[in-house]
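Numbers restart at 1 for each chain; the letters A, B, ... are given by sequence-line order, proteins then strands.
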Amino acid sequence: MPLHVLSEGPGSQIPTHLTRVSISLIVPRTDYSDNTVKGKVVHKGPLVSLAEDKYILKTVIQEEDSQPNSSSQNPSINMVLLGALAKDFSQTVNQGDTVVATGFTVGKSPTAHKDLLHPCNLLLSGDPACLYVSRPSPPVDSRSPLRVKRSTTLSGESSRAAKSAKVSYVGLGELKPGSVVNVYGVVTFFKQPFKSRGTDFCTSLKITDQSNQRIGCTVFREKLEEHPKIFQIGDIIRMHRVKTHFFNDSITLVNTFGFSVVTFDGCVGKAMAPRPSSRTFQFDPEDQRTVEELRSWAASQSLLPPVPTIPLSDVTPKAYFDLTCQLLAKAPIDTTCTLLRVWDGTRCPHSLLKVLVEPNTTEGPSSFSPDREKLLANILVYDNHVEYARRLKPGDFLRIYNLRAIPGSSKVPGLTSSQSEQAECLAFHLHGGTAYGRGIRVLPGNSPDVQELKRVLESFPQVDELNDSELLDVWCTPPESPDAKAIECSTVCVSERSCSHAVQPETLCEVKLCAPGRSHHVRVQLRSYQPLRLHQALRLYCTRCKTMQDVPDDEYVSSLFSGASRDPSPCSPPAWALSGRVDVPGDAPNRAMSVHLSTQLLSEGKTKQLLFLKGSTLEETCRLATGFQNIVPVMSSEGHMTLMDLSAPFLFRGRKRYYGCPRCSKASVKEPCSEGVELIDEKIIAEALGVKLLQVVLTMKLELQDATDTLDVYLWRHAESFFSVSAEDVASNQEAQNRIRQTMDSLCPQGGSTDRPWLDLCLTSCRAEDEEQNQTCFQICHSTITKLLTARSDPQPA
DNA sequence: GCTTAGGGTTTG
């Protein structure tokens, strides 16, 4: 799945046997394996991660030099890249670059009615897919960091290619021991990579050429993807930098430093479609000629197996065969055996073994319709293949090599006796070991064999396979990235950023992939939020100990006050206080409130500025708070006057209530120093009382969404500027509460309306300290709601 | 770090 950055403009490294097809001429269900499409990247979508190592990226390319009379506008087409190619494209290609695509398939564009682009899209996936990229005008000496990085990690092959040295190949009949050579050959035997006793995987193969020498080769590579992609005997392989050894009276080849390998289909007339195992490789017309020569020579030698693989319908008992199929489900049987449930769209004429598995151990559907069940084959894979089977996913297209159809009742692990007595049924076994090339390979989704298989499978109704185009349809439904012109739904943006960073907008998917500690700009919609009850969004925060606590509800506070008001125990007021007693009319007998005033304030004529109040209920306190600027509720404790428990407000100022931090306060009733102070506020009182004042903060958790992902973010430190309202006002003022309520209703309409406005937000990320390991926490900052959309327009009188 | 494997007459 390579991506090539061309150094000398397009054309220099693109295989010459391919012919270019105009974008306007692309039609569905046609084989374009011998064609290229060329266009300028006019839109580059975000890299979307569907699963680990499974990427998808959508881009739009536009033909620049189409026929003048073909259309008034140059044709554009959606191009969908899957897998590693998507990731490479995301990192390497920029808008404005020109790309040549090869090895693509053509599908129906699910977004054609919305984006009004080409009715088809180009799908680039798997091995045949290849992109050649050229920059508008590459600066001579200023290589991008990426280029530099690439060139340092390139294999020997490509660094030589950069120096444009001609690669020479040695015929298999001319090999001398003890040299490093480049060779071409036709594969006559191969094993899929298997784990060696050393550190690497090992591919063992045998090749031949016109010399008729059979040369054994061994490839050691740590990574599976760097192994030769051999699908069947007869494939043509090109290896660079293999070392010749003498072993058992013949020359063998082993990879050495700078090794690279490319394979090709070995059939005359098939598409060239190189299958490289390195990120870059060179392929010129001479290579093409060599492959074609080997193909026709091999055909004359009948080196290709007459029938490469056989369908289930042609399986005969006792035979060993290769099967090309799709995996629908799998289940472990025991530690040495795994069941693969596969189909190839044909029905085996023999009755097939049924295998019972433990419930809930099946990956993929655990049962199928009776009609589908008739087409399924149960394959038992053993020993070393169990490990490989673990990597397989339902939906994968597989080739299973040297599969055995065992007739009769066979003992199968996990079977009940009644099943094992099934007479004359076939069981498919992939025996342990790698002899005879036994193994499993995942075939790339758009390899010709898989394309053929897909055509067969698609003719069946209710296909449960993982369907890329369905996936795309789902993925393409919401609008794409912020810069995409194709935002179809609401385009109203109701917020703006006030930060000073110049970071480019990113998708949520991209944001999630970033390490914490950065700022991000996103354009998103609000999917949901918590808490739905606004009063729960208000919390109390201590700037000293950094703890956050809920605002106690009225019922609780009320119970604290009533408890204290019923306490008849006397207390001696402090010496500085002027105390008085008020009987509460109409209440239970003996209940009285006591009020205490600061003598100093009294002397300054500020009588109404502060009142210490004992024995009042919450309701009475609130009522009195309208007449006094500050009311501090107090109670008796062991004969002394103390503040109430700090879980209750320690101060009432009008409608506002103030709380102290229970951890950081050392509270005691003291006379505030009011000298030179015009107005006594909560800070002066808190300080006098030794109370660490808690800050009312507004916190919400918002679930954001865009076309690529969803993301939970917190609104806290910048919540007040976000809503243009102070948390303190929200805590005490109905109007401020209404404002938030309306804002949230507008961003996230109740009843699940999808027409949600867009928000331009600035996010910062940090590593969460007390959460589970490695969690990143996102916070909205420097962002303000600028307009509200109300569904019901309230007519304003002129 | 420089080994690993070097087909093969086919278990369940």
For this session: Write down the distance between CD1 (A/Ile379) and P (B/dG12), rounded to a whole number of angstrom.
Result: 17 Å

Exercise. Which part of the nucleic acid, if any, lies within contact of A/Ser204, taking any heavy atom under 4.0 Å across all strands shown: a base, the sugar-phosphate backbone alone, or nothing?
Worked result: sugar-phosphate

Problem set entry | Residues A/Lys195 and A/Glu387 bridged, charged N to O under 4.0 Å | no

Problem set entry | A/Leu403 CG - B/dT10 C1' separation (whole Å) | 13 Å

Problem set entry | Closest to the A/Phe247 side chain, choosing from B/dA5, B/dG6, B/dG12 | B/dG6

Problem set entry | Per A/Ala435 side chain, nearest of listed nucleotides B/dG12, B/dG8, B/dG6 | B/dG8

Problem set entry | Note: A/Arg238-A/Asp287 ion pair, threshold 4.0 Å (strictly below) | yes

For this session: Ignoring the backbone of A/Asn402, work out which of B/dG7, B/dG6, B/dT10 is nearest its side chain.
Result: B/dT10

Exercise. Stacking between A/Phe220 and the base of B/dT3 (centre distance under 5.5 Å, interplanar angle under 30°)?
Worked result: no

Exercise. Taking 4.0 angstrom as the limit, do A/Asp88 and A/Arg279 come out as a salt bridge?
Worked result: yes

Exercise. Out of B/dG12, B/dT4, B/dC2, which nucleotide sits closest to the side chain of A/Tyr382?
Worked result: B/dG12

Problem set entry | Closest nucleotide among B/dG6, B/dT4, B/dG1 to the A/Asp200 side chain | B/dT4

For this session: Quickly work out the A/Arg404 CZ to B/dT9 P distance and round it to whole Å.
Result: 13 Å

Exercise. Contact class for A/Gly432 vs. all strands (heavy atom < 4.0 Å): base, sugar-phosphate, or nothing?
Worked result: base

For this session: Mark this stacking check for A/Tyr320 against B/dT10 as yes or no, applying ring centres under 5.5 Å and ring planes under 30°.
Result: yes

Exercise. Has A/Tyr436 got its ring stacked on the base of B/dG7, with centres under 5.5 Å and planes less than 30° apart?
Worked result: no

Seminar exercise, completed: To the nearest angstrom, the CZ-P distance between A/Phe194 and B/dG7 comes to 10 Å

For this session: Assign the ring pair A/Tyr382 / A/His429 to parallel, tilted or perpendicular, where the plane angle (0 to 90°) is split at 30° and 60°.
Result: parallel

Seminar exercise, completed: Taken to the nearest whole Å, OH/A/Tyr401 to P/B/dG8 is 18 Å

Exercise. Hey, does the Lys NZ or Arg CZ of A/Arg295 hover above the aromatic six-ring of A/Phe264, less than 6.0 Å from the centre and inside 45° of the axis?
Worked result: no

Exercise. Is A/Lys223 paired with A/Asp200 through a side-chain N to carboxylate O contact shorter than 4.0 Å?
Worked result: no

For this session: Between A/Glu222 and A/Cys202, just flag the one whose closest nucleotide in DNA chain B comes earlier from the 5' side.
Result: A/Glu222

Exercise. Taking atom types as they are modelled, is there a donor-acceptor pair under 3.5 Å from the base of B/dG7 to the side chain of A/Lys191?
Worked result: no

For this session: Tell me whether the OP1 or OP2 atom of B/dA5 has a side-chain N or O from A/Arg197 closer than 4.0 Å.
Result: yes

Problem set entry | Upstream residue (5' side of DNA chain B) when A/His431 and A/Ser196 are each assigned their closest nucleotide | A/Ser196

For this session: Would you kindly give the CG-to-P distance between A/Leu353 and B/dG12, to the nearest whole Å?
Result: 13 Å

Exercise. Roughly, in whole Å, what's the span from CZ in A/Phe201 to C1' in B/dT4?
Worked result: 12 Å

Exercise. Can a donor-acceptor pair under 3.5 Å be found between the side-chain atoms of A/Arg438 and the base atoms of B/dT10?
Worked result: yes

Exercise. Taking CD from A/Gln192 and C1' from B/dG7, how many angstroms apart are they, rounded to a whole number?
Worked result: 14 Å

For this session: Just call it for A/Lys195: base, sugar-phosphate, or nothing, with non-hydrogen atoms closer than 4.0 Å on any strand.
Result: nothing

